[in-house]
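Inspection log for the structure reproduced underneath, given as structure tokens.
Note that this is a predicted model, so its numbers are computed, not measured.
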Amino acid sequence: MDFALTGEQEALRDTAAKYLADGRAAGDTDRTWADVIGLGWLDPELGTVELALLAEQLGHARSPLPWWSTVGLAGPALRAAGREPRRPATLAWAEESGPGTLAALLAPNRPGPVGCTVAADGTLRGRKVAVPHAAEAADLVVAVAGPDGVALRLVDASALRPAPTDAGPAGLEPTRPAATVDLSGLASTPLVAADAGRDVLAATRRRTLTLLAAEAVGVAARALSWAVGYAGARTQFGRPIGANQAVAHPLADLYGQVETARSLAYRAAWSVDAEPGPVADRAVAAAAVAGREAATTACETAIQTYGGSGFTWDQPLHHWYRRAWWLATFDGTVADLRTELAASLLDDASGQDAPGR
């Protein structure tokens with residue numbers, strides 16, 4: 001196996017970094033989305049490794065684009081129906097009285113959405129909560145309850161009137177807005193039938209968590225870069241503060257943590273395409289845990305490195321710290337992912353040891 005990136009992958013990564021560095025991605029949404037299409041970030045030939053490279057750069061820049069919700073949350077369902085995601089899109093699955101996470105929705109013997117249903121004419125009834133980028137989406141993929149399981153349907157999001165969610169993790173990071181949407185009376189078209197809905201949602205979760213793990217690496221790398229730069233430039237008693245072991249050693253440890261998280265994110269991205277199923281699920285869970293912990297630790301270490309100035313609201317690190325904590329809570333906590341990973345490993349070991357296998 002060749003563990004190195006190809007020349008095309010490096011070019012894609014470097015072009016994204018250059019585009020995001022000048023701040024254009026934080027400007028007019030319509031113009032920026034046209035740039036996203038022109039740069040090829042929605043091209044169907046991009047694999048999960050290429051998407052992870054883009055996600056890492058978007059995390060490094062703390063981009064507010066709904067790109068991740070389009071290619072991660074909505075993309076698998078749209079492509080399963082033969083549609084290419086070209087407009088901003090997202091997925092609505094959580095309900096106040098039903099599973100709040102994709103993990104819970106996919107759990108064996110758990111009910112699917114319990115409040116959102118579809119009539120014979122395609123009209124929806126019910127509402128969804130904590131829908132990421134609902135106000136910016138042009139297409140909304142909706143998970144609905146059916147007699148045979150979870151079906152996925154498409155709604156024109158221009159008809160929505162999202163109610164922004166400001167409480168909890170959804171209100172933590174303003175560049176990752178979430179909203180409650182009332183779907184009652186809205187027309188919908190079928191994307192994925194109920195007999196295939198769970199498989200598509202499982203693929204959706206794998207891709208989304210992988211992209212967010214790579215994004216967390218970008219956040220961590222940005223915080224580490226700032227901390228190292230400050231430690232080398234800030235002087236006390238005639239020498240850089242980075243010459244002190246109390247400053248240098250945590251940064252050295254952090255470098256190892258960030259590189260480990262990056263390797264696991266790339267491994268997960270490759271696994272999602274090359275070996276989907278339980279093996280990929282374990283790789284994704286490990287990458288998500290490592291990326292989230294690296295991002296929060298990097299921001300906290302950088303704030304400590306900056307000293308008193310690191311605790312002021314004028315310090316940009318706080319914005320990346322918010323993104324790190326948003327990442328740390330999406331679709332479950334680090335503890336939840338560790339539990340999921342441990343259960344998968346133990347189940348696999350039990351199955352291998354079972355008679356007749």
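By the 4.0 Å N-to-carboxylate-O rule, Arg127 lies close enough to Glu96 to be salt-bridged with it. Ion pairing between a basic and an acidic side chain is recognised when a charged N comes within 4.0 Å of a carboxylate O; Asp139 and Arg87 show such pairing. Residues Arg13 and Glu56 are not paired through a salt bridge, judged by the lack of any N-O separation under 4.0 Å between the basic side chain and the carboxylate. Salt bridge annotation for Arg161-Asp182: absent, with no cationic side-chain nitrogen under 4.0 angstrom from a carboxylate oxygen. A salt bridge is absent between Arg262 and Glu215: the closest approach of a Lys/Arg side-chain nitrogen to an acidic carboxylate oxygen does not fall below 4.0 angstrom.
With 3.5 Å as the limit, one finds a donor-acceptor pair spanning the side chains of Ser344 and Arg282. For the residue pair Thr333 and Asp336, a side-chain donor N or O sits within less than 3.5 Å of a side-chain acceptor on the partner.
Under the 4.5 Å side-chain criterion, counting only non-hydrogen atoms from C-beta, Trp67 is in contact with Leu54. Side-chain contact between Arg153 and Leu124 is present, with at least one heavy-atom pair separated by less than 4.5 Å. At a threshold of 4.5 Å between non-hydrogen side-chain atoms, the residues Ser63 and Trp68 do not count as touching. Under the 4.5 Å side-chain criterion, counting only non-hydrogen atoms from C-beta, Val289 is not in contact with Leu264.
Screening residues 230-260 for ring-ring contact (aromatic ring centres under 6.0 Å, His included) gives Tyr230-Tyr306 as the qualifying pairs, with residues at least two apart or on separate chains.
Thr204 places a side-chain N or O within donor-acceptor distance of the main-chain N or O of Val200, the cut-off being under 3.5 Å. Not one N or O on the side chain of Thr297 forms a donor-acceptor pair closer than 3.5 Å with the backbone of Ala294. Judged by distance alone, with hydrogens and angles left aside, the side-chain atoms of Thr296 form a donor-acceptor pair with the main-chain N or O of Glu293 at under 3.5 Å. The backbone N or O of Pro66 sits less than 3.5 Å from a side-chain atom of Ser69, completing a donor-acceptor pair.
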side-chain contact (heavy atoms from CB on, under 4.5 Å) evaluation trace for Val118 with Arg125
CA-CA 6 Å; Val118 57; Arg125 183 182 65 187; over 6 Å; no

Begin from the C-alpha positions of Leu58 and Trp41 and carry the test side-chain contact (heavy atoms from CB on, under 4.5 Å) through to its verdict.
CA-CA 11 Å; Leu58 288 161; Trp41 294 1; 4.0 Å; yes

Evaluation steps, side chain to side chain donor-acceptor pair (under 3.5 Å), between Gln315 and His318:
CA-CA 6 Å; Gln315 174 54 251; His318 285 281; over 6 Å; no

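Residues satisfying the salt bridge (charged side-chain N to carboxylate O under 4.0 Å, His left out) test with Arg62, not counting sequence neighbours, are Glu173. Glu10 is linked by a salt bridge (charged side-chain N to carboxylate O under 4.0 Å, His left out) to nothing, counting only residues two or more places apart in sequence or in another chain. Considering only residues two or more places apart in sequence or on other chains, Trp320 meets the ring pair (Phe, Tyr, Trp, His ring centres under 6.0 Å) condition with Trp226. In terms of the salt bridge (charged side-chain N to carboxylate O under 4.0 Å, His left out) criterion, Arg222 has no residue partners (sequence neighbours excluded). Evaluation of the salt bridge (charged side-chain N to carboxylate O under 4.0 Å, His left out) rule for Arg234 yields no partner, not counting sequence neighbours.
Expressed to the nearest 0.5 Å, how far CZ of Arg31 lies from CG of Asp35 amounts to 6.5 Å. Note: Leu102 CG to Asp331 CG = 4.5 Å, rounded to the nearest 0.5 Å.
The six-membered or imidazole ring of Trp325 lies away from that of Phe330, with a centre-to-centre distance of 6.0 Å or more.
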